[in-house]
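What follows is a single structure, written as structure tokens, with notes after it.
Reminder, nothing fancy here: chain letters follow the sequence lines and each chain counts from 1. Only heavy atoms go into these numbers, but all of them, side chains included; no hydrogens, no water, no symmetry mates.
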2 protein chains.
Amino acid sequence: MSSDASPAPAKTPVTLREVAAAAGVSVATASKALNGLGRMTAETRERIRETAQRLGFRPNSLAQSLLRRRSFTVGLLTNDTYGRFSLPVMSGISDALVDKGVSVFLCNVEDDQRLGQLHVDAMLDKRVDGIIATGKRIDRHLPVDLSNLGVPVIYAFTQPDPGAIAFVSDDAGGARLAVEHFCRLGRRRIAHVTGPASFAVVHARAQAYRDVLTEKGLPVMEPLLGSWSEAWGHEAVKKLFDRKGEKPDAVFCGNDQIARGVIDALRERGLDVPDDVGVIGFDNWQIVAEATRPPLTSVDMNLAALGREAGLTLLSLVGGEPAEPGIRKLPCRLVVRQSCGRPPGG
Amino acid sequence: MSSDASPAPAKTPVTLREVAAAAGVSVATASKALNGLGRMTAETRERIRETAQRLGFRPNSLAQSLLRRRSFTVGLLTNDTYGRFSLPVMSGISDALVDKGVSVFLCNVEDDQRLGQLHVDAMLDKRVDGIIATGKRIDRHLPVDLSNLGVPVIYAFTQPDPGAIAFVSDDAGGARLAVEHFCRLGRRRIAHVTGPASFAVVHARAQAYRDVLTEKGLPVMEPLLGSWSEAWGHEAVKKLFDRKGEKPDAVFCGNDQIARGVIDALRERGLDVPDDVGVIGFDNWQIVAEATRPPLTSVDMNLAALGREAGLTLLSLVGGEPAEPGIRKLPCRLVVRQSCGRPPGG
DNA sequence: CGCGATTGGGAAAAGGTTTTCTCAGAGGAA
DNA sequence: TTCCTCTGAGAAAACCTTTTCCCAATCGCG
């Protein structure tokens, strides 16, 4: 009965030299044995493997990186520490990379140029294989210059440099999803309440909203632009329902907070959601979407998938494979809960 | 007029050897010149410095780390990718470390033991100087074993191993802050609506709530335990205000979502906040606290400061300075908005 | 002018791994 | 037995920087 060789957690890491000595071979042979390279008897290889195992040998990644000029490390730059947008993106990136042995440096640069330079320099010094930039807005640059860095750069959910590779959500497509869903449910007077004109996504979504309604031959109500807040949702309901003429039977909102405000305001007016008015939000911020009464149908930007895609693309770039520059729009999906109603026959 | 030597962004990084060659000295001298060590004429030093500057030399951190046995890198383990608790913690950690040239590996281990091991191994292979563990609950372990790793470990806002160093928020202190504030404002019948009994913080805060009221000679109403949701806030108001006897004139809530539910429910009953009933939340989740009507007074756990503290402590540990094991509770602070009312004379 | 001390700078090892080259010995063929 | 070809394994260079030791030249002083 062989005693179980528990690989003692090394206080001081075991080196290849020690493994080689213990196995009675040279470091060269030990290296080749563990990497499955070189030529040697099966017994020798196995003996070295066992010795390494027993000693708890793990190759020093710094030494490997130095030699290979590849650190299995990427930098993730963001200016959205607290936000809920870049987080799923980060998570997706990390997910995509961990299995390939790649670790991620998280660098929050706020909106501070000095901090940005500091982080970029630190990343470059540490010889990251590549950099992913992400942010809280799709139409704003990070406060850093990422051109000519000598390592591949990918932009994910932030404004890219011209000629770069970027992944963003397809906001127009997401808006279509929502409006078309309302159409399918038989809604005829669909309003759009959204954020400030300073956001590019506001225009992209509003245009898609108009396009769908025009295609379907439904009346287009001019989108109401305001802030991204619940309060604006309240106010917008007042504007929509106090004016004379036909009232909307559906409201497509630019984010979930606005939608929350809209739903609350409708209820306060005695209007039923979804029977009288259907509501769809944007972002699918779970904690908000599930707290509205009734739970909110919302457009999800698939940010984790976006991050995953960005991570994999960066890796292929690092591997030397070519990739077309340009902006890739990834599709959104509609998460149907109860605020939009059921099909007429349903 | 000297032409401005623009440090050309190196496609392939410049090495010390190249700097030395360009300056006509040995690498040893170049190294010493740039690090302010050794003895040489001021001119030599300056010439080397200029050459390095001109060539855009930046020392290869991997080589330095290999030699110094210090990577200026720490790992941050979390199981709270989407959550709002560990984010401020992370931000604080990163803030504290970036100025010391230390970068942070962000590792999301979800609740997956395999993933945890994967990340820990990767971090160890990359020779992190230390590890910080953080999570979404103060009373749950991460799914990883961090004992005997050979590098210092600090716990921040997660359940520590015995004998480890941990930073957590002082939940009892935070609760005292809230309840004492109500007392100062002259509220006499203060209720407590909080989360499920399975959370340690629920008990800590509830006990502090009882303690303060007892100290002040005010009636203690048994805390209402439920879920962390708005819906529970609604329900709790029903329980509190439908029963006979005196009604509360203040409600201290276990988190901001509950508080939001409470405020909405009170308004629906025609009760004024803060005139009839004061409300204080917990967590100071800005986006919720500022969306309630009126804006919510809430206890802030100072998580960024907690993270900063954890980061600095880890660094001192890495530097070889000793530190007492144990759990350090960091104070909360009360962020006063409008839901709690003003002093009687105010 | 002779001697010791100082000065300016270089050679080399170290850190841990990978990879190319080299080489000793064994085996086979003639 | 001699020559040639494999086979198994080791030596050494390379990656890039830091640091210790060392050496040649200069300086000061008697």
Worked check of side-chain contact (heavy atoms from CB on, under 4.5 Å) between B/D95 and A/E110
CA-CA 10 Å; B/D95 270 12; A/E110 317 276 351; 4.2 Å; yes
Checking salt bridge (charged side-chain N to carboxylate O under 4.0 Å, His left out) for the pair B/D111/B/K136: CA distance, chi angles, key distance, verdict?
CA-CA 11 Å; B/D111 286 308; B/K136 55 190 164 195; 3.5 Å; yes
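Backbone-only contact: A/T44 has heavy atoms under 4.0 Å from sugar-phosphate atoms and none from a base.
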Could you run down nucleotides 13-19 of chain D 5' to 3' and tag each one B, S or - for protein heavy-atom contact under 4.0 Å?
-BBBBBB
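In this model, no donor atom of one side chain and acceptor atom of the other lie less than 3.5 Å apart for A/H119 and A/N108. For the residue pair A/K126 / B/S103, a side-chain donor-acceptor distance below 3.5 Å is found, with atom types taken as modelled.
Salt bridge annotation for A/R140-A/D80: absent, with no cationic side-chain nitrogen under 4.0 angstrom from a carboxylate oxygen.
Contact of the A/T44 side chain with the A/V25 side chain is registered, since non-hydrogen atoms from C-beta on lie closer than 4.5 Å. A 4.5 Å side-chain heavy-atom check between B/S31 and B/L16 finds at least one atom pair inside the cut-off. Side-chain atoms of B/V98 and B/V104, non-hydrogen and from C-beta on, never get closer than 4.5 Å to each other.
Whole-Å rounding puts the B/M40 CE to D/dA25 C1' distance at 17 Å. Note: CZ (B/R39) to C1' (D/dA25) measures 13 Å, nearest angstrom.
Aromatic pair A/F105/B/F105: centroids less than 6.0 angstrom apart.
Put simply, chain B comes within 4.0 Å of DNA chain C, heavy atom to any atom, from C/dT7 to C/dG16, going 5' to 3'.
Judged by distance alone, the side chain of B/R45 and the main-chain N or O of B/L37 form a donor-acceptor pair under 3.5 Å.
Direction of the helix axis in the helix from C/dC1-D/dG30 to C/dA30-D/dT1 shifts by 60° between the two five-pair termini, rounded to 10°.
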